[in-house]
Number of protein chains: 2
Amino acid sequence: MNTTQRTDQQTSADRRRRELLEAADRVVLRDGPHASMNAIAAEAGITKPILYRHFGDKGGLYAALAVRHTDALLASLRAALDAPAQRRQRVESTLDTYLAAIEARPQVYRFLMHPAEGAGTPGDQSEQGFDVGRHSAPLLRRMGEELAQVIEERLDVGPGTQQLARVWGHGIVGMMHAAGDWWLGERPCSREELVRALADLLWGRLAEAGDKAGGPGF
Amino acid sequence: MNTTQRTDQQTSADRRRRELLEAADRVVLRDGPHASMNAIAAEAGITKPILYRHFGDKGGLYAALAVRHTDALLASLRAALDAPAQRRQRVESTLDTYLAAIEARPQVYRFLMHPAEGAGTPGDQSEQGFDVGRHSAPLLRRMGEELAQVIEERLDVGPGTQQLARVWGHGIVGMMHAAGDWWLGERPCSREELVRALADLLWGRLAEAGDKAGGPGF
DNA sequence: ACTCGGGGTTACCGCAAGTAACATGCATGG
DNA sequence: CCATGCATGTTACTTGCGGTAACCCCGAGT
């Protein structure tokens, strides 16, 4: 029958695709985002054109890879975000989840955040105008939107809540990301300390803090 | 004399270098970060090897370019940060300065944030280990450190101020950056609204906000 | 037997980074 | 006045990568 036949093809193609992604994953994790298509194909035991048949171009492959990891990370973040606990507790545990993830697999993190953009096609006439951010790690955007939604669902800050929630979502995610990136590079303190410091920041300790004695005032 | 002679050479080389950077700037701003060395050389009225003599490799050129713009932006941020005003006012004006800058010249911003990293040398054996963040826009790091210093100089949050200041510096810069990136792409509100929303976030409105009625509680 | 389609390969194109080797102009020292 | 640098510039090349065209093989269906 047509249906079973097509199903078989589908699943076989999907399995192949998955195998290829696994191989690509290994190579990217080993060699960084500069891994060449040749290298990935070799790791998968095949040659380039097959990769192109499956993923179109390098951007497609990288996007597929990124989606996998992004989905996984987002799932665990959602769990932390949805846990039944006080708000501060939830915030801290979400921060900690993210930081633990990037700490455990910095190569994955690096790949997700700096995918070395795709737009390298020969006859490429894009890049014109305001396409800022189309490259810059979609992971950040997705996390931002996700957090924005949670904030909007749960918080009440009067009119304009929706707008505020989106700004805050992206802002908080950016804070977490930048602090995490810096922390991962310098390791100036433990993860717990970092989490506390960030949560304190979100809890308004910056605004409440006193001026330094002897300073220029203000 | 040796001294005057060397001085002459120095200044002439420096002038040349500056001219080349101007040309590179034009090309990068026009074509995006994918501008080829050939294109840049052509814009400068010369050929590739000269660029390589001056800047070593593409990474060198891009780094030099980035330093110029980064210095400029940091200078204006410092001004806003050092202005004699209330803390909230200073924070808002710093945020606004940054956002105005990226709004005015998104191409520059895009280039600074996603320099398409350099490490593409053939015999490249780096990228091994934990060098996360060596690529990721040094601009963010510099802004973070700068802000951290200002915070540490002016704020008194008891023991551990220094640690806290650095975390907060990088965190706030990341918040500003991510929110700005998102805002630049979607333009969901005016600059003033964005600035207020971010300042409100830093002022602890997230922690103070009430739970939404009818929600799952907490 | 044949042909048809999915999975695979070799060999190639175009392009950009980076380099070697060669040319030229302008100061200096004999 | 010639020769010797040395900075500045050029042409022409190599290497490596993304991407593609053309061909190949084998198992299934009629």
Side-chain angles (χ1 to χ4, degrees), chain A residues 1-2 4-20 23-24 27-28 31-63 65 115-127, chain B residues 1-20 23-24 27-28 31-63 115-127:
Chain A
M1 303 284 114
N2 211 345
T4 61
Q5 185 176 343
R6 184 181 284 164
T7 315
D8 285 0
Q9 288 173 202
Q10 190 88 352
T11 62
S12 109
D14 271 9
R15 273 228 317 262
R16 202 91 189 88
R17 188 188 166 92
R18 240 174 235 172
E19 292 172 18
L20 297 186
V27 172
V28 164
D31 299 353
H34 296 297
S36 78
M37 292 299 261
N38 264 325
I40 294 174
E43 170 75 25
I46 51 161
T47 48
K48 266 194 302 177
I50 303 185
L51 286 181
Y52 284 95
R53 281 228 243 281
H54 273 273
F55 302 103
D57 63 353
K58 189 170 189 170
L61 203 178
Y62 274 40
L65 265 185
E117 79 287 332
T121 6
D124 190 357
Q125 202 56 30
S126 69
E127 305 277 338
Chain B
M1 266 95 206
N2 213 343
T3 70
T4 61
Q5 184 177 341
R6 182 180 286 164
T7 314
D8 284 1
Q9 287 173 203
Q10 191 88 351
T11 62
S12 112
D14 270 9
R15 272 228 319 259
R16 200 96 191 88
R17 190 186 164 91
R18 239 174 236 173
E19 290 172 19
L20 297 186
V27 172
V28 165
D31 299 352
H34 296 296
S36 79
M37 293 298 263
N38 263 325
I40 295 174
E43 170 73 26
I46 52 162
T47 49
K48 265 195 300 178
I50 304 185
L51 285 181
Y52 283 95
R53 281 228 248 277
H54 273 273
F55 302 103
D57 62 352
K58 190 170 186 167
L61 203 179
Y62 275 39
E117 79 288 330
T121 5
D124 190 356
Q125 203 55 29
S126 69
E127 304 276 337

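Convention: sequence-line order gives letters A, B, ...; per-chain numbering from 1.
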Partners passing side-chain contact (heavy atoms from CB on, under 4.5 Å) against [X] (at least two apart in sequence or in another chain):
| X | result |
| --- | --- |
| A:Ala23 | A:Arg26, A:Glu43, A:Ala44 |
| B:Arg17 | B:His54, B:Phe55, B:Ala64 |
| B:Ala42 | none |
| A:Ser36 | A:Asn38, A:Ala39 |

Rounded to the nearest Å, what distance is computed from the [atom1] atom of residue [X] to the [atom2] atom of nucleotide [N]?
| X | N | atom1 | atom2 | value |
| --- | --- | --- | --- | --- |
| B:Leu20 | D:dT8 | CG | P | 10 Å |
| A:His34 | C:dA16 | NE2 | P | 19 Å |
| A:Lys58 | D:dG16 | NZ | P | 15 Å |
| B:Met37 | D:dT15 | CE | P | 20 Å |
| A:Asp57 | D:dG19 | CG | P | 5 Å |

Counterpart residues, salt bridge (Lys or Arg N to Asp or Glu O under 4.0 Å), relative to B:Arg18 (two or more places apart):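 Counting only residues at least two positions away or on another chain, B:Arg18 forms no salt bridge (Lys or Arg N to Asp or Glu O under 4.0 Å).
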Using the C1' atoms of five pairs at each end, what's the angle between the two axes of the helix from C:dA1-D:dT30 to C:dG30-D:dC1, to 10 degrees?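 One end axis against the other gives 30°.
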Applying salt bridge (Lys or Arg N to Asp or Glu O under 4.0 Å) as the test, list every pair that has at least one member in residues 33-42 of chain B; sequence neighbours left out.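 For residues 33-42 of chain B: none.
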Residue pair B:Ile50, B:Arg16: steps toward the side chain to side chain contact (heavy atoms under 4.5 Å, CB included) verdict: CA-CA 10 Å; B:Ile50 304 185; B:Arg16 200 96 191 88; 5.8 Å; no
So, using side chain to side chain donor-acceptor pair (under 3.5 Å) as the criterion, who are the partners of B:Arg53 when residues are at least two apart?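 Result, side chain to side chain donor-acceptor pair (under 3.5 Å) vs B:Arg53: none returned.
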Would you jot down, in residue-number order, the residues of residues 38-54 of chain B having a non-hydrogen atom under 4.0 Å from DNA chain C?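 Within residues 38-54 of chain B, the residues near DNA chain C are B:Lys48, B:Pro49, B:Tyr52.
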